[in-house]
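Shown below is the structure under consideration.
As the structure is a prediction and not an experimental result, all values here were calculated from the model. The sequence lines fix the lettering, A, B, ..., with proteins before strands; numbering per chain opens at 1.
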Protein chains: 2
Amino acid sequence: MTSTTTDPAPFPRPGGFPVVGVVGGGQLARMMQPAAVALGVRLQVLTEAPGSSAAQVITPAPVGAADDLDALRAFAAGCDVVTFDHEHVPTPHLRELQAAGASVRPGPDALVHAQDKTVMRERLTALGVPCPRWRRVAGEAELTAFAEEVGWPVVLKTPRGGYDGKGVLVVDGPDGGWRATAAGWWERGELLAEEHVPFTRELAVLVARSPSGQAAAWPVVQTVQAGGVCREVVAPAPDLDADLAAHATATALRIAEGLGVTGVLAVEVFEVERGGRSEVLVNELAMRPHNSGHWSIDGAVTGQFEQHLRAVLDLPLGDPRPRAPWTVMVNVLGRPDPEPRHADLFRSHLHVMAHDPGVKVHLYGKEYRPGRKLGHVTAYGDDLVAVLDRARHAAAFIAGEIDE
Amino acid sequence: MTSTTTDPAPFPRPGGFPVVGVVGGGQLARMMQPAAVALGVRLQVLTEAPGSSAAQVITPAPVGAADDLDALRAFAAGCDVVTFDHEHVPTPHLRELQAAGASVRPGPDALVHAQDKTVMRERLTALGVPCPRWRRVAGEAELTAFAEEVGWPVVLKTPRGGYDGKGVLVVDGPDGGWRATAAGWWERGELLAEEHVPFTRELAVLVARSPSGQAAAWPVVQTVQAGGVCREVVAPAPDLDADLAAHATATALRIAEGLGVTGVLAVEVFEVERGGRSEVLVNELAMRPHNSGHWSIDGAVTGQFEQHLRAVLDLPLGDPRPRAPWTVMVNVLGRPDPEPRHADLFRSHLHVMAHDPGVKVHLYGKEYRPGRKLGHVTAYGDDLVAVLDRARHAAAFIAGEIDE
């Protein structure tokens, strides 16, 4: 690999190893570090604030906002490749970095599909990818017209800036409490309206693609969301029809190719029953390691963080196959009403590890806050019911939902 | 856990997570970082030099020598627990740190048995642990007397400071080239003479023990050494008699308990044939994660680096069982005659990963040097012959021993 930067990296690089810069200091950047340590790859992180989840374990970690072009420029100058913990870097900034010679992976032309849901819907529709019915709507009248066509309720989304259920409203009828929330959204431009899909369950298809065009897919997983936030993931998705799994995987690979994705692509889909048979409709895209892939750290031959680094460095991709018949990942989410004792996350190790020496606990170095993703737990084995129970127990104990 | 330090840690600690300080910036400290990232534990490293293997991926990384008491004191003041990448911290220094309130794990009374081979032999003999015959010898006359009793050749060792074959001589007879090397050794005090054991093979037993006294053992592994340096490890040891494996494991656990070890203890043993049956004799001890346990990172439910952190923090220990029928670890060692192209270790990923998407490569961020441990490779699966071949191929390619 030839360095594409104009300035030398700020540290010596024995072995010729490249420097990967991650914009954003959250847990996704943090979890790239174990993979980077093994591969010999050097990471640095552009962190929103000192002491972030990633900055605790990655050095150097300069402080800068994801929309601060000067900070991005200075950061990218020390990196061979720039990648992301989130989707919040403005497209024009990414183009500026490219113009200055940086390898931005995924690039702005791909990433915009994970940044702007309307752009994503237009492109997926053009690619022939099955989606819920959707429309750009400029105000309540257009929303009502769309809803009367597809049937209430409908889903109203801000094209940009939403994540973990933010920027998404379920609209039951022309009147309702949703209008107060949406009032501020209309001012910022057209919104995206989608039919409310009565899904059987939610699935996710994770794939990785390298600049050379190599791609690899993990097995399709089942995800359980609550309030727009991922709660648990089962790999592989239980009782999933093999043809539907193959179709969903082919769809995700087609999206990765069609959009020119580099790195991990998560395709969140609805499984729906239509005319007596199961189909999948694409819900959301993410172009980075994703919560629905955390199971792969302990559960697959190649975890998503290692695969993302391999992909953005254009290295050959690793084997994505699972290592156990069943792997379950459960998020540790801050309770709505935490008590002071819950803040002592370290103490939770004592019970969780004594109760189950085989459960794998991942904590993100964050302060306990209501609703926050504080960590996740993974269990694996031959018996799905037992594995689910183990992972749920550990996550609930760490979160403080149960006391034993 | 209550902090035992007198000064506050130098960074905020959301979640109440402790700080573990590692003395020594080698690959063993480096490989603790992935485990620490998952557990939420904060690491810092006292590194011999900036940019060391560990300092590339652990922050903070103050620079200081392992025998510099002031540097050790300042470092320990910011740690809840102090542990080690090597055995080179002088015992009096460790006692000073303890007197200042530091939790030193393993403590000096245990660690001395991994620092001084004569002290180790005395103690193991007192515990009834089977060892090669041995004697303290003050000069050539005593060495010759010992050798005439047990038979030539004998092994002559410096009690302190040896590792990876250094400080060890095989002495064939009263005269020979060894006398020039040993001449400098005698000046430093008594040496250790041991019978030269005609072993069938070398094995290693890794166990971990916590301050509370909980212990866990990985399966006994087979190790292959060349020139005193570990080349490859097979887990579990093939065709090992089950009773002998149980006996070897019980012996290692007895040593851990008898010596009051905290953290990982590696017991290197010789398998020998005596009177038509196999026995084991203890060769060396190490009280830290050990090369013979690297297989466990990818090959066991709980890897040795996670287990070491759990043990020194007095957390419940994790499940040490293997995840596959066979796991093979092969070291990547610098060739005696490297060519410039071998220095570009990153490039080796291209072929190795394309050739075998399931092999796990671990590189240590080191400059290529003859004989140096640059990294290791792990493969696992159902067929030992295939797994051995995969791991050996990848390691040989990275080292530059083969070209395809």
Contacting moiety of A:Phe17, where chain B heavy atoms sit under 4.5 Å: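 Answer is both: backbone and side chain atoms of A:Phe17 are under 4.5 Å from chain B.
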Segment of A:Ala354 engaging chain B (4.5 angstrom heavy-atom cut-off):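 Backbone plus side chain of A:Ala354, per the 4.5 Å heavy-atom cut-off to chain B.
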Among the listed options B:Arg30, B:Met31, B:His342, B:Arg323, the residue most often paired with chain A at heavy-atom distances under 4.5 Å: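 Of the options given, most contacts go to B:Arg323.
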Part of A:Val57 within contact of chain B (heavy atom distance under 4.5 Å):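 When you check distances to chain B, atoms from both the backbone and side chain of A:Val57 fall under 4.5 Å.
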Distance in Å, A:Ser348 OG paired with A:Leu363 CG, rounded so as to fall on 0.5 Å steps: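 A:Ser348 atom OG to A:Leu363 atom CG measures 6.0 Å (nearest 0.5 Å).
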Residue pair A:Gln304 / A:His294, side-chain donor-acceptor N/O under 3.5 Å: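 Yes, side-chain donor-acceptor contact under 3.5 Å.
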Which atoms of A:Ile297 approach chain B - backbone, side chain, both or neither, heavy atom under 4.5 Å: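 Contact with chain B involves no heavy atom of A:Ile297 at all.
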Plane angle bin for A:His393 and A:Phe397 - parallel if under 30°, tilted between 30 and 60°, otherwise perpendicular: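 If you compare the ring of A:Phe397 with that of A:His393, the planes turn out parallel.
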Interchain contact, A:Arg321 with chain B, by part (heavy-atom threshold 4.5 Å):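 Neither part.
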Backbone of A:Pro316 reached by a side-chain donor or acceptor of A:Arg310 within 3.5 Å: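 Side chain of A:Arg310 to backbone of A:Pro316, a donor-acceptor pair under 3.5 Å: yes, one is there.
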Residues B:Glu306 and A:Lys360 bridged, charged N to O under 4.0 Å: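 Answer for the salt bridge query: yes.
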Residue B:Arg341 excluded, over 12 heavy atoms near CZ under 6.0 Å: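 Check passes, neighbour count above 12.
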Option in B:Pro320, B:Gly318, B:Ser53, B:Ala324 with maximal non-hydrogen atom pairs under 4.5 Å from chain A: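 That would be B:Gly318.
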B:Val361, part contacting chain A, at a heavy-atom distance under 4.5 Å: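 For B:Val361, the backbone is the part near chain A, not the side chain.
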